[in-house]
Amino acid sequence: MAESSVLPADLGGSPDLERIVLEHAYRGAHLQLGLRGLLALFIALTLLFVPPMNDANVCLAILIGYAFWTVGLALWTRRGGPGPVNAMWLALFVDLAVIGSLTLLTGIAAQQSWTADILTNGLFVIPLLACTQLRPGVCAAVVVPTVLVFLAASWATMASNEEPWSSILLSTMALSILSAGAVVLSRIQRSRVLTIGHLVHDRTALLAELMGLEQRERRALSEQLHDGALQFVLAAKMDLDDLTGGADPAAVDRITHALTESASLLRATVSELHPTVLDRVGLARALGDIVRSAQARGGFDVDLQTAEWDDDLRTSADDVLFSAARELLSNVVKHAKARTVRVELSRAGEHAVLDVIDDGCGISREAIDRSLSRGHIGLTSHELRVVAAGGSFSIRPGPRSGTVAHIEMPFEVVTASESLTISAF
């Protein structure tokens, strides 16, 4: 990345780190704009209350141009994107040129120009503007010319202001100390932002690894139960059916009932551990199954919209979305007291979008946090899985009542995996 960029070059290609650095760079840019507005106000008040003895019209024209330029810069920054943030450091040289030129105009041709003395103090604001940068090198590239311009302007107006060299050198030293502090502050800020970014990146990578490990373990356990315990139960039931005479009918009935219930529970456990229905019928139809189940248990009307999702599509996000939808609908059944629920599954490019909207009593983020503190990690665990996969998970109040749960996450198209053949039993 170029030296002029506000984004450090050692981001390591991490989207999370780039996002955090860019977010802090935006904050710095907005702070810089606020300080620049105050600097423009300072110049205007100086020219108004301590007007220059010569070239007043030229000074006023420079001020007007600087004000328009500041407003245009603010509007450009509001458009967003890394471009304005990366170019913001160049604006500091405009600030330096404006203050330096006004100081020379008002000081060289006039005796005892108080206007020049006051305007020179405006140079002390530039190191504050520069320290909002996340690149110490950029900050140093701005503050060093600032100190030199201050020294040159003070020397150029020394004769007219009758200022001794000792005063000029001491003022230059004060500005140099402020400039050095700005560079150090920029370095500290950069270090902190990068540390936070690396921690977030490591946290996301760890979550992704943990979630992937959990999914692999659940799949392995599901296959073990299906290929082991469930097969023995089913074989025992078949052997029991082949029994002839001599057996106590009541005992046979009890054994048959026990084996039937065991097989049913094992099937349910296998399905819960790994929803193989996703491999067979796809996410859209699998959502239809859990929606109908929730509707039967909750007694509400459900509007399922999956027209924008291809039934043949299999993606890396299917399992996460299916589990999250099941948890959300389970919460609606248990707590929402809703009359209608809307479930929407759609595709936006390489991103899957899932919305679960109800008109019930609603739930706040604070209520979710309180539930988490009591050990109920259902929704939070699904949120972590979505975030670990690079997506977003939000829950907010509905427009009139109820709750809107919105999930958006990237996916990769995958081939249909070999499904478990539980349906054969």
Donor-acceptor check, side chain of [X] to backbone of [Y], threshold 3.5 angstrom: yes or no?
| X | Y | result |
| --- | --- | --- |
| S101 | V98 | yes |
| T70 | G37 | no |
| S293 | D289 | no |
| D303 | R342 | no |
| S316 | E412 | yes |

Contacts of type ring-ring contact (aromatic ring centres under 6.0 Å, His included), residue F124, not counting sequence neighbours = F150

All ring-ring contact (aromatic ring centres under 6.0 Å, His included) counterparts of F300, not counting sequence neighbours = none

Given the rule in the salt bridge (Lys or Arg N to Asp or Glu O under 4.0 Å) test, do R285 and D311 qualify, once you have shown the distances and angles that lead to the verdict?
-> CA-CA 7 Å; R285 291 177 60 185; D311 288 340; 5.9 Å; no

Just wondering, are more than 12 heavy atoms of other shown residues or ligands nearer than 6.0 Å to CD in E308?
-> no

Enclosure of R192 CZ (heavy-atom neighbours >12, cutoff 6.0 Å) | no

Approximate separation, where rounding is to 0.5 Å, of L39 CG and I126 CD1 | 7.0 Å

For residues 328-336, which side-chain donor-acceptor pairs fall under 3.5 Å, sequence neighbours excluded?
none

Charged N to carboxylate O under 4.0 angstrom, D319 versus R385?
-> yes

Specify whether Y66 and W69 have parallel, tilted or perpendicular ring planes, treating 30° as the upper limit for parallel and 60° as the lower limit for perpendicular.
-> parallel

